[in-house]
Amino acid sequence: TQLLEQSPQFLSIQEGENLTVYCNSSSVFSSLQWYRQEPGEGPVLLVTVVTGGEVKKLKRLTFQFGDARKDSSLHITAAQPGDTGLYLCAGERDDKIIFGKGTRLHILP
Amino acid sequence: GAGVSQTPSNKVTEKGKYVELRCDPISGHTALYWYRQSLGQGPEFLIYFQGTGAADDSGLPNDRFFAVRPEGSVSTLKIQRTERGDSAVYLCASSKHPRTGVHTEAFFGQGTRLTVV
């Protein structure tokens with residue numbers, strides 16, 4: 001059973017379009033993190049959200065934590081080819097960081 | 001460098017052999033994680049150390065897998081009688097503070113790609 005479900009698994013869109021990636025769970029997390037992973041590299045943290053309903057912005061990326069702290073979304077505005085990569089959500093629970101399977105994003109120039 | 005260092009970067013071994021994977025965390029980081037990542041998947045939790053002790057080893061798939069961190073710094077993941085299904089990238093991460101009640105960033109190494117032939 002996957003604790004964190006990410007959707008979609010794959011997304012290929014044109015440069016300039018907007019997109020949203022979802023991370024859902026039936027469990028409550030004390031925090032939720034979004035990472036980005038490039039091929040051959042380890043994941044790199046983008047943001048941590050802690051409070052239910054919290055919204056954080058990182059340039060063209062907007063992260064939201066659900067009110068019940070069970071789900072999160074990542075919205076990218078005006079996607080660019082440099083946004084291509086594997087986006088992972090991870091929940092903090094019982095002193096562990098549990099990852100979703102990831103969304104593989106490909107932005108076409 | 002000041003980041004998490006994992007060695008070797010690549011390891012090819014024959015089925016049935018024993019392997020050791022090393023992780024050198026960022027200096028001063030008390031928490032250390034091991035994850036396993038299969039192609040196209042997210043990292044799968046294996047074990048978490050707080051200092052020298054394994055705080056949670058519930059992710060280790062079976063008793064062929066074992067990890068140690070004897071001095072609270074470098075950690076070694078040991079796999080006995082390797083099987084082809086063990087082939088994956090093994091990632092190590094460390095973080096600065098004890099996890100409980102503190103939300104901190106986990107820094108990952110580049111991983112060790114293990115191939116069992």
Side-chain angles (χ1 to χ4, degrees), chain A residues 1-11 21 23-25 27 29-52 54 56 58 63 65 69 72 74 85-106, chain B residues 1 3-7 9-10 21 23-26 29-51 53-60 88-113:
Chain A
T1 302
Q2 187 69 21
L3 201 58
L4 281 166
E5 298 284 348
Q6 283 190 245
S7 60
Q9 290 185 38
F10 302 97
L11 185 58
V21 174
C23 176
N24 295 301
S25 177
S27 301
F29 294 97
S30 55
S31 74
L32 207 141
Q33 302 177 340
W34 284 92
Y35 290 78
R36 179 176 158 183
Q37 187 176 22
E38 303 283 357
E41 303 286 331
V44 175
L45 182 71
L46 296 174
V47 78
T48 300
V49 285
V50 178
T51 307
E54 183 176 3
K56 281 192 174 179
L58 190 66
F63 304 85
F65 201 11
R69 303 197 341 263
S72 181
L74 158 60
L86 179 66
Y87 289 81
L88 298 158
C89 72
E92 181 183 359
R93 191 161 172 251
D94 299 331
D95 289 347
K96 288 201 299 277
I97 302 175
I98 305 296
F99 283 83
K101 290 188 175 183
T103 293
R104 191 162 296 281
L105 180 61
H106 185 53
Chain B
V4 177
S5 175
Q6 291 188 245
T7 54
S9 54
N10 283 284
L21 312 180
C23 173
D24 210 326
I26 293 172
H29 280 197
T30 58
L32 185 147
Y33 295 80
W34 282 100
Y35 293 86
R36 178 169 70 176
Q37 187 172 27
S38 301
L39 190 63
Q41 302 290 315
E44 173 194 0
F45 171 79
L46 295 177
I47 186 169
Y48 155 60
F49 286 90
Q50 188 56 258
D56 187 333
D57 64 357
S58 62
L60 295 177
V89 174
Y90 288 81
L91 291 165
C92 175
S94 70
S95 65
K96 189 174 181 181
H97 296 292
R99 296 300 303 175
T100 305
V102 178
H103 309 289
T104 61
E105 177 176 359
F107 293 84
F108 281 82
Q110 291 187 323
T112 293
R113 181 175 299 278

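Chain identifiers are assigned alphabetically (A, B, ...) following the order of the sequence lines, protein sequences preceding nucleic acid strands; residue numbering begins at 1 within each chain.
- Atoms CD and CG, from Gln37(B) and Leu88(A) in turn, are 6.5 Å apart once rounded to the nearest 0.5 Å.
- The number of heavy atoms from other shown groups lying within 6.0 Å of CD (Gln9(A)) does not exceed 12.
- Note that CD of Glu38(A) and CD of Gln110(B) are 12.0 Å apart. Values are rounded to the nearest 0.5 Å.
- Contact annotation for Gln6(B): neither backbone nor side-chain heavy atoms come within less than 4.5 Å of a heavy atom of chain A.
- The contact between Gln37(A) and chain B is made entirely by side chain atoms (from C-beta outward), counting heavy-atom distances below 4.5 Å.
- Residues Ile97(A) and Ser95(B) are not in side-chain contact: their nearest non-hydrogen atoms beyond the backbone lie 4.5 Å or more apart.
- Ring pair Phe99(A)/Phe45(B): centre-to-centre distance not below 6.0 Å.
- Of the two parts of Tyr35(B), only the side chain, counted from C-beta on, holds a non-hydrogen atom closer than 4.5 Å to a non-hydrogen atom of chain A.
- Using a 4.5 Å cut-off between heavy atoms, Ser58(B) touches chain A through its side chain atoms alone.
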